[in-house]
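Residue numbers begin at 1 in each chain, while the letters A, B, ... track the order of the sequences.
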Amino acid sequence: MITIPSQDFVAFLNEISKKWQDEWNRNKLFEAEPKEGKKFFTTVAFPYPNSPFHLGHGRTYVTGDVYARFMRMRGYNVLFPMGFHFTGTPIITMADDVAKGDKDLLDIFQNIYEIPSDVIPRLSDPLFMANYFKEEIKMAMRELGLSIDWRREFTTIDPQFSSFIVWQFSKLQERGFVVKDTHPVGWCPVHNLPVGMHDTKGDVEPEIGEYVVIFFDTPLGRLAAATLRPETVFGAVAVWVNPKASYVIAEAWGSKIIISEKAADKLKFQMDGVNVIQRVSPSDLQKMNATNPVTGREIPVLPADFVDPNTATGVVMSVPAHAPFDYFYLKRSRVNLEIVPVISLEGYSDAPAKELVESTQVKNDADLKKLTEQLYKSEYNKGVMRADILSRVRDQLKESLSKVPGSSVPEARKLVTEVLSERGMASKVLEILNKPVYCRCGNEVVVKLLKDQWFLDYGNPEWKRLAKKLLANMRVVPDEVRKDFEYSLDWLQKRACARTRGLGTPLPWDKRWIIESLSDSTIYMAYYTVAHRIKALNLHATQLSEEFWDYVLLGKGDPAKVAEKSGVALETLQDLRRNFTFWYPLDMRHSGPDLIPNHLSFFIFNHAGIFPEELWPKGVAINGFILYEGKKMSKSLRNIIPLRKAVKNYGADVVRISLTSLVDMATDVNFTDSGARAIAETLKKFFDMLDMKSGSRIVGIPERWIQSKLHRIVKDSVPLMTDMKFREFINEILFNMSSYVNEYLEMVRSESREYNPDVIREVLEIWTRLIAPFAPHLAEEMWHRLGHTTFVSTEGWPSHDESKINDVLELEHEYHKQLVEDIRAILNVYKGKPSLVMIYVHDGTLTPLLREAVEIVTKGGNLKDFMSSKRPSSKEEAKTYQRLFQYVTEMGENNKRLALLGVNELEVLRKGVSYIRYKLNLDVEVEPFTNEVKTKFNKEALPLRPAIIVQ
RNA sequence: GCGGGGGUGCCCGAGCUAGGCCAAAGGGGGUGGACUGAGGCUCCACUGGAGUAGUCCUGCGCGGGUUCAAAUCCCGCCCCCCGCACCA
């Protein structure tokens with residue numbers, strides 16, 4: 001006996017995992033080279049090494065590996081490579097944080113990831129960090145048993161890879177997909193650098209929004225009022241300024257304008273030529289009137305504390321009919337102004353702001369803010385522009401604004417903005433919407449309009465068309481996410497493709513810029529096909545010119561000339577070309593759903609824009625995220641489980657199954673300790689079956705039954721696995737198969753004999769191969785213990801023996817089980833000590849009739865169809881038919897199929913008596929149903945529903 | 001707001017595109033039992049309610065509707081999660 005106690009099973013798993021990983025490695029099992037036969041090229045998005053892997057990272061990699069291993073066993077020449085993404089700023093930011101001694105980060109590195117204390121200080125060097133975590137992640141991948149061809153590993157800052165990226169951008173440039181434009185970004189005025197989410201305090205993404213600025217003329221200059229609701233300008237009856245803030249008269253937008261001093265400072269980041277002429281006090285402003293540019297009326301300038309001088313222009317127009325703030329403060333300052341309604345809203349009076357403020361107990365600005373949100377929302381969605389506003393409009397605007405009355409708020413907003421902007425009466429200013437956002441250095445982030453920024457123009461109609469075509473021909477697993485891709489491809493517009501800092505490749509034609517990380521990771525799968533050769537041949541980046549890549553990747557140019565020019569041997573060039581064309585196109589790419597709107601969409605665009613159609617990727621597979629004990633893993637919850645730790649605690653195979661196969665692909669999976677243990681226990685059960693070597697060689701009903709179950713599973717396995725229905729598959733081969741084995745052993749026991757070791761072996765021979773993609777280490781170990789000397793990882797997928805699938809046998813056994821259930825249900829309510837169970841079987845005279853009824857029901861027919869086919873001759877007969885038909889509609893599928901087979905029920909039952917006796921632990925007798933039985937017990941029997949009498 | 005996905009029994013999670021095999025798979029947990037020197041192993045039974053008979057009642061977010069029949073189809077409502085850009 002080699003029984004391994006369960007508590008030691010994990011240790012055992014870890015031991016064999018190491019052993020087989022080494023064996024695979026030694027035998028170069030996963031190093032793929034072009035050869036005759038079908039190929040399968042699969043990739044998973046490469047990791048960004050700014051931390052070790054945690055449990056959440058594992059799912060996609062294992063999912064990809066499971067599929068790779070399955071395809072390998074299906075006879076495909078599988079290439080599964082891996083690289084590392086060094087491009088971008090987060091590594092730099094994180095290294096900075098280490099240097100600064102960021103407490104939270106150090107705590108996580110020390111106490112969660114258990115990074116040695118002598119290593120931590122060295123992580124302040126970004127390159128050290130990237131390389132350190134790269135190795136760490138590689139270890140995790142190896143320990144998980146990923147079947148990767150490691151010869152092809154690279155990082156995105158390898159000079160050779162950079163040459164590839166340079167080539168990529170040249171191609172995009174040639175096609176006109178790279179354009180120059182201005183672009184607003186969050187900006188730190190002290191750093192003088194763009195600020196993204198990773199650079200802010202609390203990791204907030206600065207949201208940039210647009211305010212419309214409407215100019216109200218005054219004797220001193222144009223008061224620039226900023227608003228998110230320009231359509232309400234018809235009802236602007238005053239202009240607010242903050243009495244405590246300082247204002248300036250400045251040159252901007254080609255005229256003299258009045259804005260807050262702070263606004264003037266920030267405006268300089270958005271346009272050239274902003275010039276402060278002089279300060280002006282709020283009290284001076286209040287002495288003047290301003291002209292509403294739309295109505296032409298003179299309106300007062302009034303003080304209000306709620307106006308934030310630091311937001312937009314620091315000047316606000318006052319629309320008391322629709323802005324609760326405006327109404328409230330006008331009323332409080334006892335200014336009596338006309339309230340001009342602009343929007344009509346069902347369920348409200350003319351001036352909804354007034355109505356809301358007066359019907360609510362407004363205590364502070366927070367209350368007003370709530371009311372404002374409520375009102376803005378309903379007006380935006382349901383409001384209609386009033387007809388009478390046109391009468392207030394000054395003559396020269398009447399015609400161009402004539403379409404405003406009757407239109408919806410969003411339409412009116414667009415129209416008003418357009419009309420006013422065209423006439424120089426309005427402009428726009430950008431502002432951080434979720435302000436204040438602070439840079440890590442402590443300064444408040446502002447909006448800067450970057451000029452001469454480089455973009456990939458994903459809005460280019462021709463490019464979009466190609467991308468959509470690619471998607472249409474691509475396999476998407478699961479199919480539900482195809483919609484997300486369609487939406488994303490449609491929505492993408494210009495996207496900045498270069499940054500001013502971070503690791504990566506300089507833009508070939510403008511070296512001040514570094515190609516940004518989501519732009520240099522779109523077609524890198526192509527690089528894998530030759531990466532190992534470039535390394536082995538020690539090719540230098542300078543040799544890898546545009547012509548070189550043109551030939552290798554596109555077959556363009558004369559190889560002899562390219563060889564001469566680059567110094568790369570002709571045969572080498574041709575070999576590289578062969579490698580590329582052999583593996584490309586990519587067959588499958590695995591990723592999480594977070595990459596759909598960005599990386600995966602760019603992956604589609606760039607392939608579509610650079611490669612000919614026959615080299616476009618064939619498929620993507622998306623899997624959900626990971627929860628740990630029902631919760632999202634997060635720094636704040638401190639529930640991050642390092643992947644390597646999980647592998648150590650549960651065993652690689654257990655983690656692999658837990659991450660990939662407990663739920664459907666698209667749903668988030670919940671990793672729990674109890675779930676992982678359940679998987680380990682079940683795996684162990686199969687492992688322990690290796691010891692079941694002695695017994696009887698009888699092949700009876702139980703043997704034929706379990707063989708039928710086994711081969712049916714094998715038969716269903718290929719479609720399930722091909723569709724990546726891993727949950728269903730694991731459910732079948734792990735949990736169901738295990739209970740089939742139990743059932744088999746019970747069936748054997750009920751015959752008072754031993755199991756058949758040959759059958760157990762047959763189960764294990766097949767099972768080991770079926771589980772191999774999921775639990776490759778255990779499968780390998782068992783495969784060898786079964787006496788094989790090959791690797792199960794490269795064995796063929798098992799095929800089923802159709803002759804062993806026996807429907808009738810399975811149906812009959814289900815029938816026996818159903819009967820046991822029925823009897824148990826009776827015993828449940830039976831008072832007294834049962835000693836004997838009598839089963840009286842229907843005589844079979846109704847069987848042909850039953851079959852006809854089942855046939856009709858199966859075809860979707862109803863009682864009428866049945867009656868008209870039978871034409872009963874008496875009322876009595878009709879009643880029998882009706883009852884029988886009713887019975888059939890309520891029958892289970894199993895019995896229906898038995899009915900169609902027209903089996904002899906008495907015989908079937910006799911075959912099962914010993915099983916039923918065994919399960920109930922009671923004496924059971926089977927007899928034909930007779931009239932005497934009927935009168936004695938007042939019981940009926942129907943076909944497939946014998947009368948049961950408990951005594 | 002726009003777009004996508006959900007709300008199922010103590011918990012997790014299938015099923016709902018093709019309505020009847022659904023009191024609703026599977027796993028976890030719980031209760032009882034078998035095995036055992038012992039068990040945290042394994043196996044068996046039970047795990048909505050009622051019941052001296054294989055049944056009946058209630059039930060799959062809430063409220064309606066279609067149908068002989070609805071977790072599954074239709075309408076309305078409530079709630080939750082994710083993405084919305086220059087960031088990996």
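- If you check every strand for non-hydrogen atoms under 4.0 Å, A:Asp484 touches sugar and phosphate atoms only.
- Between A:Ile733 atom CD1 and B:G27 atom C1' there is a gap of 16 Å when expressed in whole angstrom units.
- In A:Lys817, the NZ atom is crowded: over 12 heavy atoms of neighbouring residues, nucleotides or ligands sit closer than 6.0 Å.
- Rounding to whole angstrom units, CZ of residue A:Phe937 and P of B:A53 are separated by 16 Å.
- Distance noted for atom C1' between B:A88 and B:G83: 15 Å (whole Å).
- Dashed line: the shortest gap from a side-chain N or O of A:Ser519 to OP1 or OP2 of B:C86 is not under 4.0 Å.
- Place A:Trp491 and A:Asp668 on RNA chain B by their nearest nucleotides, and A:Asp668 ends up nearer the 5' end.
- Comparing the P positions of B:U17 and B:C2 gives a spacing of 27 Å, expressed to the nearest Å.
- OP1 and OP2 of B:A85 both lie 4.0 Å or more from every side-chain N or O belonging to A:Asn598.
- The phosphate of B:C43 has OP1 or OP2 within less than 4.0 Å of a side-chain N or O from A:Lys685.
- Summarising the geometry, the separation between CG on A:Leu518 and C1' on B:G83 is reported as 15 Å, rounded to the nearest angstrom.
- At the phosphate of B:G5, OP1 or OP2 sits under 4.0 Å from a side-chain N or O atom of A:Lys483.
- Regarding contacts with the backbone of B:A45, a side-chain N or O of A:Arg824 is found under 4.0 angstrom from either OP1 or OP2.
- When the P atom is compared between B:C22 and B:G48, the two are found 16 Å apart, to the nearest whole Å.
- Look at A:Arg495 and A:Asp457 and you find no salt bridge, because none of the NZ, NE, NH1 or NH2 atoms lies under 4.0 Å from a carboxylate O.
- Nucleotides B:U8 and B:A70 are separated by 14 Å at their C1' atoms, to the nearest Å.
- If you check every strand for non-hydrogen atoms under 4.0 Å, A:Ile949 touches a base.
- An OP1 or OP2 oxygen of B:A45 is reached within less than 4.0 angstrom by a side-chain nitrogen or oxygen of A:Lys919.
- Using N1 to N3 plus N6-O4 or O6-N4 for Watson-Crick, or N1-O2 and O6-N3 for G-U wobble, each under 3.5 Å, B:G29 pairs with B:U47.
- Straight-line distance between the C1' atoms of B:A53 and B:U72: roughly 33 Å, to the nearest whole Å.
- Annotation for A:Lys134: atom NZ counts as buried by contact number, over 12 foreign heavy atoms lying within 6.0 Å.
- When the C1' atom is compared between B:C60 and B:G13, the two are found 13 Å apart, to the nearest whole Å.
- Side-chain nitrogen and oxygen atoms of A:Ser674 include none within less than 4.0 Å of the OP1 or OP2 phosphate oxygen of B:G29.
- Among the heavy atoms of the strands lying under 4.0 Å from A:Thr667 are primed sugar atoms or P, OP1, OP2 only; no base atom is included.
- For the C1' atoms, the distance linking B:G7 with B:A71 amounts to 12 Å, nearest Å.
- Classified by interplanar angle (parallel below 30°, tilted 30° to 60°, perpendicular above 60°), the ring pair A:Phe12/A:Phe687 is tilted.
- A straight line from CD of A:Glu743 to C1' of B:C44 spans 11 Å, rounded to a whole angstrom.
- Taking atom C1' in both B:C16 and B:C73, one finds a spacing of 11 Å when rounded to whole Å.
- Between A:Arg945 and the phosphate of B:A53, there is no side-chain N or O to OP1/OP2 separation shorter than 4.0 Å.
- Atom CZ of A:Phe603 and atom OH of A:Tyr524 lie 9.0 Å apart (nearest 0.5 Å).
- In this structure, the side chain of A:His599 engages the main chain of A:Ser521 through a donor-acceptor pair within 3.5 Å.
- Among the protein residues, A:Glu728 comes within range of no part of the nucleic acid, since none of its heavy atoms lies under 4.0 Å from any strand.
- Using a 4.0 Å heavy-atom cutoff across all strands shown, A:Pro946 reaches at least one base atom of the nucleic acid.
- Contact annotation for A:Val663: backbone-only contact, meaning every heavy-atom pair under 4.0 Å involves sugar-phosphate atoms and none involves a base.
- Atom-to-atom, OH of A:Tyr487 to C1' of B:C84 comes out at 6 Å; the value is rounded to the nearest Å.
- Searching all strands for a Watson-Crick or G-U wobble partner of B:U52 with both distances below 3.5 Å returns nothing.
- Looking at heavy-atom distances under 4.0 Å, A:Ala947 makes contact with a base.
- Atom CG in A:Asp594 sits roughly 9 Å away from atom C1' in B:A88 (whole-Å rounding).
- Nearest to the side chain of A:Phe735, among B:G26, B:A53, B:A14, sits B:G26.
- Relative orientation of the A:Phe53 and A:His57 rings is parallel, given thresholds of 30° and 60° on the angle between their planes.
- For CZ of A:Arg897, the number of neighbouring non-hydrogen atoms (other residues, nucleotides, ligands) closer than 6.0 Å is 12 at most.
- Counting non-hydrogen atoms under 4.0 angstrom, A:Lys632 reaches the backbone sugars and phosphates but no base.
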